[in-house]
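The structure appears right after this line, and notes come after that.
Values below: all heavy atoms of this structure, side chains included; hydrogens, waters and symmetry mates excluded.
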Amino acid sequence: MENNSQLVFALHGLNHTALQRQVYFSFALASYLLTILVNVALVATVCAEAALHQPLYIFLSNLCLNGLLGASSFYPKLLHDLLADAHRVSYAGCLLQMTFTYSYVFCEFCILTVMAYDRYLAICRPLQYHGVMTAQRVARLLLLCWLFPLLEALLGVSLTARLPLCGHHIHKLFCTNWEVVKLACGDTTLNDIYGYVLMLSHVSQAALILLSYGHLVRASLNSSSHRRKVAQTCLPHLVALLVFTAMLLFDSMFSRYGGSLQALQNMLAAEYLVVPPLINPIIYGINLQQIRTRLLRGFGLGKGGPA
């Protein structure tokens, strides 16, 4: 097909009866609303409390904002399709969804890396922490975490957009780069190389974070205060990293080498867009005492709240 701009993709991830789709719609809507609630509550708490205007909480609020981006790149289209008889998406809409989805993925890795760097400085080099993690340094790191992933995503989508396509059937709930590349008539070597480079670089990024936490654990053994810091601030970060990386790897590997089990494919495809944005603010809200106390107070459940 020479004119890709006129192409309309057919999505084949929702092969269910109308009644089943109505049930799924209810669960998806509740999950999306809950995701918005917990993320907005945490971000609003950090913004409203001057005591939380510290690098750790600023990075955390950006992690939640990125989670909202990821969830919003998936849920609205899913909710529409669950109520519609035909599940289609335009070529431009598909490329736009891929841009937001992959920008979310790469930004998640970047913010988690910056948070690991922040914890390393706070625990292993506490005397240098405030001199290194200045407001200007935090602003530059956040700018990097938002702009560089967007450039990565735009480059990947641009490589896909150049390909002539000979099909229009996507066997997933939403558009992914791999599904679109499989429809290409031309040579996809450059796309494959870029995909594997991204996969290797971000898996290596996750491995470096794990190594840094090895240093943090060793440093915490000599001090009870360090052990508390690691337990309260590093454990939720480590859980968030492992959950996100594992889900992303399972989906990537299954998309390329897995079988034709549609239900399993749908579950794996949705997990990294559904689970991390929902559980990250909950995990951090429970483990970080300063946030937990202020959230409870905001909902009238803590000291100083309404009777």
Side-chain angles (χ1 to χ4, degrees), residues 38-39 41-67 106-149 202-245 276-277 279-298 302:
V38 295
N39 282 280
L42 195 147
V43 172
T45 299
V46 172
C47 292
E49 296 286 343
L52 298 179
H53 295 174
Q54 302 174 30
L56 172 64
Y57 305 112
I58 293 172
F59 293 141
L60 176 57
S61 63
N62 277 265
L63 186 71
C64 292
L65 289 174
N66 186 57
F106 303 145
C107 187
E108 190 89 353
F109 274 114
C110 190
I111 295 176
L112 288 172
T113 303
V114 168
M115 291 176 72
Y117 174 62
D118 174 79
R119 291 300 84 200
Y120 169 77
L121 289 176
I123 295 174
C124 295
R125 300 184 177 181
L127 298 179
Q128 303 174 20
Y129 179 77
H130 293 290
V132 174
M133 198 59 70
T134 61
Q136 294 78 11
R137 175 69 60 85
V138 170
R140 286 197 293 268
L141 288 172
L142 288 176
L143 189 64
L144 174 68
C145 284
W146 285 103
L147 289 184
F148 188 69
H202 289 295
V203 170
S204 301
Q205 201 173 355
L208 287 174
I209 296 175
L210 293 177
L211 287 175
S212 72
Y213 275 109
H215 290 290
L216 292 179
V217 170
R218 283 199 297 271
S220 70
L221 296 178
N222 300 322
S223 169
S224 59
S225 63
H226 284 177
R227 284 197 294 272
R228 284 195 298 270
K229 278 187 178 181
V230 169
Q232 291 180 355
T233 65
C234 299
L235 183 60
H237 182 203
L238 188 59
V239 171
L241 173 70
L242 292 176
V243 167
F244 185 73
T245 305
I279 69 170
N280 283 350
I282 295 175
I283 292 174
Y284 282 101
I286 291 174
N287 279 274
L288 296 179
Q289 184 178 359
Q290 287 185 301
I291 288 183
R292 182 175 68 249
T293 302
R294 286 163 175 79
L295 280 173
L296 292 175
R297 185 186 304 163

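Residue N66 holds its CG atom at 4.0 Å from SG of C107, rounded to the nearest 0.5 Å. In this structure, OG1 on T45 lies 12.0 Å from OH on Y57, to the nearest 0.5 angstrom. From I209, atom CD1 reaches atom OG of S204 across 11.0 Å, with rounding to the nearest 0.5 Å. One finds the CG atom of L141 at 12.5 Å from the CE atom of M115 (value rounded to the nearest 0.5 Å). In this structure, the separation between CE on M133 and CZ on R125 is 12.0 Å, given to the nearest 0.5 Å. Here the straight-line distance linking atom NE2 of H202 with atom OG1 of T245 works out to 10.5 Å at 0.5 Å rounding.
Other residues, nucleotides and ligands contribute more than 12 heavy atoms inside 6.0 Å of the OH atom of Y117. The environment of H53 atom NE2 is dense: over 12 non-hydrogen atoms of other residues, nucleotides or ligands sit within 6.0 angstrom.
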Problem set entry | Worked check of side-chain contact (heavy atoms from CB on, under 4.5 Å) between C110 and F148 | CA-CA 9 Å; C110 190; F148 188 69; 5.9 Å; no
Problem set entry | side-chain contact (heavy atoms from CB on, under 4.5 Å) evaluation trace for L56 with R119 | CA-CA 8 Å; L56 172 64; R119 291 300 84 200; 3.9 Å; yes
For this session: Might you work through the side-chain contact (heavy atoms from CB on, under 4.5 Å) test for E108 and N280, ending with a clear yes or no?
Result: CA-CA 11 Å; E108 190 89 353; N280 283 350; 3.1 Å; yes
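Scanning both residues, L121 and V132, for their nearest heavy atoms gives CD1-CG1, 3.6 Å. Heavy atoms only, all atoms of each residue included: P126 and A122 are closest at CB-O, 3.5 Å. The shortest heavy-atom contact between L42 and P281 is CD1-O, 3.6 Å.
Put simply, the side chain of L142 reaches to within 4.5 Å of the side chain of F59, judged on heavy atoms. L242 is listed as a side-chain neighbour of L210, based on a closest heavy-atom distance under 4.5 Å. Y284 is not listed as a side-chain neighbour of C64, based on a closest heavy-atom distance of 4.5 Å or more. At least one side-chain heavy atom of L60 sits under 4.5 Å from a side-chain heavy atom of L63.
Judged by distance alone, with hydrogens and angles left aside, the side-chain atoms of N39 form no donor-acceptor pair with the main-chain N or O of G67 at under 3.5 Å. Within the 3.5 Å criterion, the main-chain N or O of I58 finds a donor-acceptor partner in the side chain of S61.
Using modelled atom types, one finds a donor on one side chain and an acceptor on the other under 3.5 Å when comparing N62 with W146.
If you look at F244 and F109, their ring centroids are closer than 6.0 Å.
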